[in-house]
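Letters A, B, ... mirror the listed sequences (proteins, then strands); counts begin at 1.
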2 protein chains.
Amino acid sequence: MIHLTMRQLRYFDALARLGHFGRAAEACAISQPALSMQIKEMEDALGGVLLERNARQVVLTRFGEQLAERVREILRSVDELGDFARASRDKLTGRLRLGMIPTVAPYLLPKVIGDLTRKHPEIDIHVRESKTPKLIEELVEGRLDAAIVALPVSEPSLTEVALFSENFLLVRPPEYEGTAVPNSESLREMRLLLLEEGHCFRDQALSFCNMQAPREMLDASSLSTLVQMVGAGMGVTLIPEMAVGVETRSASVSLARFAEPQPQRSIGMVWRKTSPLAKQLMQISEIVGGAAESLRKQAAAGQGRKRRS
Amino acid sequence: MIHLTMRQLRYFDALARLGHFGRAAEACAISQPALSMQIKEMEDALGGVLLERNARQVVLTRFGEQLAERVREILRSVDELGDFARASRDKLTGRLRLGMIPTVAPYLLPKVIGDLTRKHPEIDIHVRESKTPKLIEELVEGRLDAAIVALPVSEPSLTEVALFSENFLLVRPPEYEGTAVPNSESLREMRLLLLEEGHCFRDQALSFCNMQAPREMLDASSLSTLVQMVGAGMGVTLIPEMAVGVETRSASVSLARFAEPQPQRSIGMVWRKTSPLAKQLMQISEIVGGAAESLRKQAAAGQGRKRRS
DNA sequence: CATGTTCATCAGATAATCTTATCGTTACGA
DNA sequence: TCGTAACGATAAGATTATCTGATGAACATG
C-alpha cells in the first residue's frame, strides 16, 4: 500500500504550479532541500518520475501533469473540510478569502470591511483585487471563497446573487458644465477614454456606446487615472456611480447623468455551489448589499450638498 | 489555515468505520493512545467534536458523520493515485484486490491465480470471497479493484464485462440415475434444496423454477453442503456446471442435464468506471475468461471419462 | 463492591522532517 | 575557454511529530 502524506501532496502541488524548486519551497515556507526530498520520496512511492529536471527549468512529465490535476482536486477537498467544519459550527468565523474587481473594490471595500468586522469580529478577511476572469478561475479552483463581480458570470459551477445595480455617469471637462447630455449615439463622436483591456467595465462602457473597438490607444489602468485624464481635457469618460464620490472630489470635471434608460451594470457576489460556506456567504452577501445601499444614500446626500454650494 | 495530515484522515476513517478506539488502532497497526491523540488533534484543528465518547461505545456526531463521508471520498482519491501511477507505468504489477462470489470462487480461483501469477509474476493478488451486494459496495467504495459476480449488476458507476455462461445441472440422489429429467414445472413438486438467503445463485435457481419462496427452511451455506444433503436423500438441488467436478467427485449423487433451453447464468467481471486500472483490468478479465474456458474443456473431458467407466 | 472495559493522559523513545552547508551540473557572458 | 551565477541534489546534525507502554478515570456489570 502506497503511503503518501499530505505534505508531499502540498509540496508537489506548489511545485507543479510554480515549476521551480526554490520558489515552491518559499511558497511552502520551507527550505529548498526539504522540498526536493519530499518530491523524491513521492516519486519513489509512486514509482514514477514526476518532473524532468532540465537545466534551467523544471517541467512536469505527462504522468506528473495528470497526477498534479488529481492532487489539486484532493487538496481542494481537504481544504474544504476546514470550511465545512466552520460552517457546521454555524458561525461566521475564520478566514474569508474575498475577490473583488478593481472598479468596485476601492469604493465598496472600506465600508464592507467595516461592516463585516463590526458584525462578526471573529472574521478574518483577505481581499484580492483582480479582473473578473482571474477571480473566477481562483474561485473555481478553491483559492477564493467568494468574489464580487459584475453579473452575469454564467459559470455553471457557481452560485450568483445580485447585490445592487449602479448607473454610469458621464465625466467631461469642466467647461461642458450645463451643456446638454449626449445620448449614446453622439457619444460615439466624442473622444471616449477607457480602461485598459480586460476590465469588465471597459466592455460595459463600449457596449453602451455600441462601439466595437477604441479608435486610439489611450487606455487607463484605473478610474482615477481616467478622471484625471478628463480633467486634463483629453476626452470624456464614463464612471460607475459608486466611484463618483471618491474620484471626482478633487478633480475639476463636470459630471452629468444620462437620460433614461441610464446605462448601468449589475454587481453581484458569486461562490462555488459546492462551498460548505454557502449559508454564511449568503449572509455576507446581505451585509455587502447593505453596505452598498448605505453608500448610495450617503452619495446622494453629498451630491445634494454639492449642487447647492 | 487548517493543517490536517493524511494520518489523521486515515485514523479517523478507521475509527468512523469501526466505532471503537482499540479496534481502529489495531486496524491501523498502532497503539490506542496514538489514535486517541491524532483524533484529538483533528478535533482541535477542526474546532469541533467528531465523536461522542459515551461509556461503552463511541458514536459519531452529526458533524463527524458528515466529515467521515468526505474523508472517505478523499482517501479513495488518494489511494487511486497509487493505482493511477501503476497504470501509467502500463504494466500489470502490484496489488490487485479481487472479489468473487462464493459459488464461483472455489472452482475458478485456483486456475485463475495460477494463470495470473504465471503471466504476471509481479502481481500481488488479494482475493475476498463475499456475496454480491457486499462485493459491489466494497468495489464502489474503492476497497476492491474488481469483482467477479453474476451479471447483470446494473450499477451505473461500474463497467461490466461478460466472462462466460454456465449451465445449471440437476443433482439427485443416486437412485434416480437414468430416470427422466424433470422440467422446471415438475421441479416445483420436488423437494428443492437451496443456498441460504443472500446468495445470488439461490435466486437464480428459484427464478428458473418460477418459485417465489422456499417451502422449508433447509438452506445450506455452500454448494458442497447442498450436494452432501442430496447424497443423504434430503432432496434435489441445482449446481452450476463449474462446480460439478469438485463437488460431485466424492458424493454419491446422480447428475442430470436439463433439456434445452438449459437454465444458466452469466458470470462477469466488474470494476469502477473511473478506475485508473481499467486497461489492466480488461486484460485480466481476458485471462480469467480464458481460465474458465480451459476449466470447461477439462470438465468435459472428465465427464467423458466418467460416462465411459 | 469488586471487576473488566474503554478512552484519556503522561513520559520517554523512536521516526519523520527540517535546516544549514556543500556539491555537481549547466547556461551564459567576458 | 574560463569564471560566474542559477539551480537542484546530497549529507549531517537538529528539531518536531508521532509512537509505545504504563497508568488513570469513568462507567457498566455481575
Side-chain angles (χ1 to χ4, degrees), chain A residues 1-61 63-65 67-68 71 75 78 82, chain B residues 1-61 63-65 67-68 71 75 78 82:
Chain A
M1 169 68 131
I2 281 179
H3 205 337
L4 294 171
T5 68
M6 206 66 83
R7 274 197 170 100
Q8 286 164 355
L9 300 192
R10 291 206 186 278
Y11 292 178
F12 173 60
D13 180 48
L15 181 54
R17 281 182 193 286
L18 298 172
H20 188 288
F21 277 74
R23 279 191 276 284
E26 190 182 9
C28 297
I30 53 164
S31 65
Q32 170 262 317
L35 189 128
S36 282
M37 279 195 299
Q38 291 297 330
I39 297 297
K40 191 166 135 57
E41 288 205 358
M42 197 167 159
E43 287 182 325
D44 289 349
L46 291 168
V49 180
L50 293 169
L51 2 87
E52 301 263 334
R53 288 83 156 166
N54 299 323
R56 276 292 172 231
Q57 67 173 349
V58 166
V59 96
L60 285 173
T61 61
F63 169 49
E65 202 156 342
L67 203 81
V71 167
L75 291 177
V78 172
Chain B
M1 170 67 132
I2 281 180
H3 204 347
L4 293 172
T5 68
M6 206 64 84
R7 247 171 244 235
Q8 286 164 354
L9 300 192
R10 290 205 187 278
Y11 292 177
F12 173 60
D13 180 49
L15 181 54
R17 281 183 194 286
L18 299 172
H20 187 288
F21 278 73
R23 280 191 275 284
E26 191 182 8
C28 297
I30 53 164
S31 66
Q32 170 263 316
L35 189 128
S36 283
M37 279 194 299
Q38 292 295 331
I39 297 297
K40 191 165 133 57
E41 288 206 358
M42 198 168 158
E43 287 183 325
D44 289 349
L46 291 169
V49 180
L50 293 169
L51 359 87
E52 300 264 334
R53 286 85 156 167
N54 299 323
R56 275 293 173 233
Q57 68 172 347
V58 167
V59 104
L60 286 173
T61 60
F63 169 49
E65 202 156 341
L67 203 80
V71 167
L75 291 177
V78 171

Side-chain N,O (B:H20) to OP1/OP2 (C:dC7) below 4.0 Å: yes
- Message: Measuring to OP1 and OP2 of D:dC19, would you say a side-chain N or O of B:Q38 lies under 4.0 angstrom away?
- Response: yes
For [X] and [N], what is the distance between atoms [atom1] and [atom2] respectively, to the nearest whole Å?
{"X": "A:L60", "N": "D:dG8", "atom1": "CG", "atom2": "P", "result": "13 Å"}
{"X": "B:D44", "N": "D:dT18", "atom1": "CG", "atom2": "C1'", "result": "16 Å"}
{"X": "B:E43", "N": "C:dC7", "atom1": "CD", "atom2": "C1'", "result": "12 Å"}
{"X": "B:L4", "N": "D:dA17", "atom1": "CG", "atom2": "P", "result": "15 Å"}
{"X": "A:L15", "N": "D:dA9", "atom1": "CG", "atom2": "C1'", "result": "14 Å"}
{"X": "B:Y11", "N": "D:dC19", "atom1": "OH", "atom2": "P", "result": "4 Å"}
{"X": "A:R7", "N": "C:dT19", "atom1": "CZ", "atom2": "C1'", "result": "14 Å"}
{"X": "B:E52", "N": "D:dC27", "atom1": "CD", "atom2": "C1'", "result": "16 Å"}

Contacts under 3.5 angstrom, residues 30-38 of chain A side chains, donor-acceptor by atom type, not counting sequence neighbours:
from, atom 1, to, atom 2, distance (Å)
A:Q32, NE2, A:S36, OG, 3.0
A:Q38, OE1, A:Q8, NE2, 3.4

Can you give me the N/O atom pairs linking the protein to nucleotides 8-10 of chain C at distances under 3.5 Å, or say none if there are none?
from, atom 1, to, atom 2, distance (Å)
C:dA8, OP1, B:R53, NE, 2.5
C:dA8, OP1, B:R53, NH2, 3.1
C:dA8, OP2, B:S36, OG, 2.8
C:dA8, N7, B:Q32, NE2, 3.0
C:dA8, N6, B:Q32, OE1, 3.4

The side chain to side chain contact (heavy atoms under 4.5 Å, CB included) partners of B:A14 (sequence neighbours excluded) come to B:A24, B:C28
A:R17 meets the salt bridge (charged side-chain N to carboxylate O under 4.0 Å, His left out) criterion, sequence neighbours left out, with A:D13, A:E141
Residues at least two apart in sequence or cross-chain that pass salt bridge (charged side-chain N to carboxylate O under 4.0 Å, His left out) with A:R7, listed by chain then number, are none
*Verify side-chain contact (heavy atoms from CB on, under 4.5 Å) between B:M6 and A:L9, making sure each step is shown before the conclusion.*
CA-CA 10 Å; B:M6 206 64 84; A:L9 300 192; 3.6 Å; yes
For B:F21, the ring-ring contact (aromatic ring centres under 6.0 Å, His included) test, sequence neighbours excluded, returns none
